[in-house]
Amino acid sequence: MNTLKFSALLLLGLLSCTEKVIEADLLIVNGLVYDGSDTIPKSTSIAIKNDTIVFVGTKDVDLFKAKKTIDAKDLIVAPGFIDPHTHADRELKDPDLSHNLPFLLQGVTTVVVGNDGDSFFPSSEYRQKYEAHGIGTNALMLVGHGTLRKQVMGTSNREASKDEILKMQALIHKEMQAGAFGMSTGLFYAPGSYATTEEVIALAKTVAEHNGMYDTHLRDESSYTVGLIAAITEAIEIGRQAKLPIHISHIKCLGVDVWHQSDSIIQLIESARKEGIQVTANQYPYDASATGLKAAVVPRWAESGGKDSLFIRYDDKTVRASILEETKKNIVRRGGPEKLLIVKTDDSLFIGKTLLEISKIMGRSPEETVFELLKKSYARVASFNMNPEDIHNFMQQPWVVTGSDGNTGHPRKYGSFPRKYDTYVRKDSIIDLATFINGSTSKTAELLGIEKRGKLLPGYYADLIIFNPETFQDQADYTDAFQFSKGLIFSIINGKLAVSDGKFTGALNGKVLHKKSTNSLN
């Protein structure tokens, strides 16, 4: 600050004699700041020192001595997005892909891994790998129920014995002590689908002892088995009995059988929340789901024991008819073969084609074509089976946050957060900008139990993003799901630039976050 200006401020009483120059690594000025919790943005400056926000306010910028100043004029400044449901661990373990660019360029600064009951085990081994080669975003881990069930019982379709439950509880205890934030289940998928509610409650109680949370892919999002409403009721009962927060992953009404049930589900969850059960959910902003082809349409009983067992049954003429009949019903439940788009398989000829198109190429029925594809390789499918009314209804609930379920072949891995902004905030006005930001940052941090992230406040870790409100949008679609989003100008993770002027800096600034367990040895 020059002497004349300094003296003038003193005379006006706007600066005390004792006020000192504030040293900072980064200073952000002139941006429209959404702090992650307020509904009205402010024009404030933000100073960062090391990995921490040291100032948020309106002091004269000349009071700061910063190594780098970012002029965010006409741009939006917000906390970095937190994605509560990803499969990014598959990239984080690979030194060549651990930059995590599909998520980073969406504005995501923290990803959750180990969802759907499927986690890398033991987590301590992978934590060491991530820390050794570096990761582009922060990551926190969940322990997968299905993973632990495989460790103890394999993939058999049977109830767990008391001794097996004790063994799984012991494994959960170790994983929570190692820093996991909670347990995930994939009760729709084998082997999680073979577990009773009582088994899950018993394991969730162990998680609760460590102050952890429970994340679930519901037992049924449609009308496959117990039905959607019953699956929601089961999740709530697990929370009630185990006394821990319940988080429903990618909440949806999947398939025409359950369309328009969102009102009933919302009432059910609101009632549970009034009872004191902490129930939340995440949602990806697309009308098509995606999962493995086998998981989508093959009956669970037929795959008990794994893929080899499935094809032993399929090759048995006395069983094949039943398998094909149930597979046909599941294809209809998913919207029909014309609504099932193959997004990943080893044979590039079939990628981007519907199951109906492939069945015509093969000269087989759609249900038979499923097994021909599965014989060749693993296959993923996107199915267009959601109703806009339900999507909008869930999105407007204060307990629903943004998530991607980002996985290979579906555009949500590259575009969920910008798409939600561009489509549902900017174009369709389903929610406002503050609701989108708060539901992608502070609310997610709170439900996960992440400390000092998700808000732009002094003393919080410096995870923040700056994006252009005119150009922030997704580029990936169902014909090309691998296009990076655009419009992110800066990303700062743990106080360091990961994206600068729209380009990845090459820096791996992420950390593996540890849960502070009340029953931890750490």
Side-chain angles (χ1 to χ4, degrees), residues 31-44 56 72 75-85 103 106-110 112 245 247-253 262-263 265-267 269-270 273-274 278-287 386-406 412 415-448 450 453-457 460 463-474 485 487-488 491:
L32 190 62
V33 177
Y34 287 81
D35 69 4
S37 57
D38 283 348
T39 57
I40 301 173
K42 298 181 177 68
S43 296
T44 54
V56 179
L75 304 177
I76 290 173
V77 183
F81 300 144
I82 301 171
D83 193 334
H85 190 113
F103 295 94
Q106 291 185 58
V108 174
T109 56
T110 299
V112 176
H247 187 62
I248 298 168
S249 269
H250 40 62
I251 194 167
K252 64 173 77 73
C253 298
S262 55
D263 285 335
I265 292 167
I266 289 165
Q267 290 177 10
I269 291 175
E270 290 285 2
R273 286 169 62 85
K274 289 177 182 177
Q278 298 178 53
V279 186
T280 57
N282 68 66
Q283 177 194 43
Y284 51 78
Y286 293 87
D287 60 359
M386 282 178 265
N387 185 285
E389 178 185 311
D390 293 316
I391 294 172
H392 297 171
N393 209 1
F394 286 130
M395 190 175 291
Q396 292 169 334
Q397 303 311 308
W399 38 265
V400 174
V401 302
T402 314
S404 71
D405 192 14
R412 65 194 183 197
S416 286
F417 289 80
R419 175 179 171 80
K420 187 171 181 179
Y421 165 75
D422 189 50
T423 299
Y424 295 99
V425 176
R426 191 168 179 233
K427 294 176 181 175
D428 296 345
S429 301
I430 301 301
I431 57 173
D432 61 31
L433 180 53
T435 298
F436 162 64
I437 289 175
N438 297 349
S440 303
T441 57
S442 63
K443 288 188 176 183
T444 314
E446 181 180 355
L447 71 88
L448 291 168
I450 306 174
R453 297 185 195 268
K455 295 181 183 180
L456 300 182
L457 295 176
Y460 271 56
D463 292 346
L464 57 96
I465 59 172
I466 304 173
F467 63 90
N468 187 329
E470 299 299 321
T471 62
F472 190 52
Q473 59 185 216
D474 57 312
S485 294
L488 180 70
S491 175

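Computed over heavy atoms, backbone and side chain alike; hydrogens, waters and symmetry mates excluded.
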Decide side-chain hydrogen bond (donor to acceptor under 3.5 Å, both in side chains) for Ser416 and Ser404; before the verdict, give the C-alpha distance in whole Å, the side-chain angles of both, and the deciding distance to 0.1 Å.
-> CA-CA 5 Å; Ser416 286; Ser404 71; 4.7 Å; no
Could you go through the side chain to side chain contact (heavy atoms under 4.5 Å, CB included) check for Ile76 and Leu433 one step at a time?
-> CA-CA 10 Å; Ile76 290 173; Leu433 180 53; 3.5 Å; yes
Where do Val56 and Leu457 land on the side chain to side chain contact (heavy atoms under 4.5 Å, CB included) test, with the steps shown first?
-> CA-CA 6 Å; Val56 179; Leu457 295 176; 5.8 Å; no
Carefully, step by step, assess His85 and Asp405 under the rule side-chain hydrogen bond (donor to acceptor under 3.5 Å, both in side chains).
-> CA-CA 5 Å; His85 190 113; Asp405 192 14; 3.0 Å; yes
Kindly determine whether Leu32 and Leu75 satisfy side chain to side chain contact (heavy atoms under 4.5 Å, CB included), including the steps that lead there.
-> CA-CA 6 Å; Leu32 190 62; Leu75 304 177; over 6 Å; no
Any chance you could lay out the side-chain hydrogen bond (donor to acceptor under 3.5 Å, both in side chains) test for His247 and Asn282, step after step, and finish with the verdict?
-> CA-CA 8 Å; His247 187 62; Asn282 68 66; 3.0 Å; yes
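Between Lys420 and Val401, the shortest heavy-atom contact is NZ-C, 4.3 Å. The two atoms that bring Ile465 and Ser491 nearest to each other are CG2-OG, 4.1 Å, heavy atoms only. When every heavy atom of Thr441 is checked against every heavy atom of Gly80, the shortest pair comes out as CG2-O, 3.6 Å.
Under a 4.0 Å N-O distance rule, the pair Arg453/Asp463 qualifies as a salt bridge. Between Lys42 and Asp35 there is no salt bridge, since no side-chain N of the basic residue sits under 4.0 Å from a carboxylate O of the acidic one.
Interatomic distance, Ser485 OG to Phe103 CZ, rounded to the nearest 0.5 Å: 11.0 Å. Atom CD of Gln283 and atom CE of Met395 lie 4.5 Å apart (nearest 0.5 Å). Put simply, CG on Asp390 and CZ on Phe394 are 6.0 Å apart, with the number rounded to the nearest 0.5 Å. Within the model, atoms CD1 of Ile437 and CZ of Phe417 stand 12.0 Å from one another, a figure rounded to the nearest 0.5 Å.
Geometric assessment of Arg412 against the ring of Tyr284 yields a positive cation-pi assignment under the 6.0 Å and 45° thresholds. Under the 6.0 Å distance and 45° angle rule, Arg419 counts as a cation-pi partner of Tyr286.
Using cut-offs of 30° and 60° on the angle between ring planes, the pair Tyr421 and Phe467 is perpendicular.
No option in Tyr424, Tyr34, Phe81, Phe472 other than Phe81 meets the ring pair (Phe, Tyr, Trp, His ring centres under 6.0 Å) test with Phe436.
Other residues, nucleotides and ligands contribute only 12 or fewer heavy atoms inside 6.0 Å of the CD atom of Glu446. The 12-atom threshold is exceeded at CD of Gln397, counting heavy atoms of other residues, nucleotides or ligands nearer than 6.0 Å.
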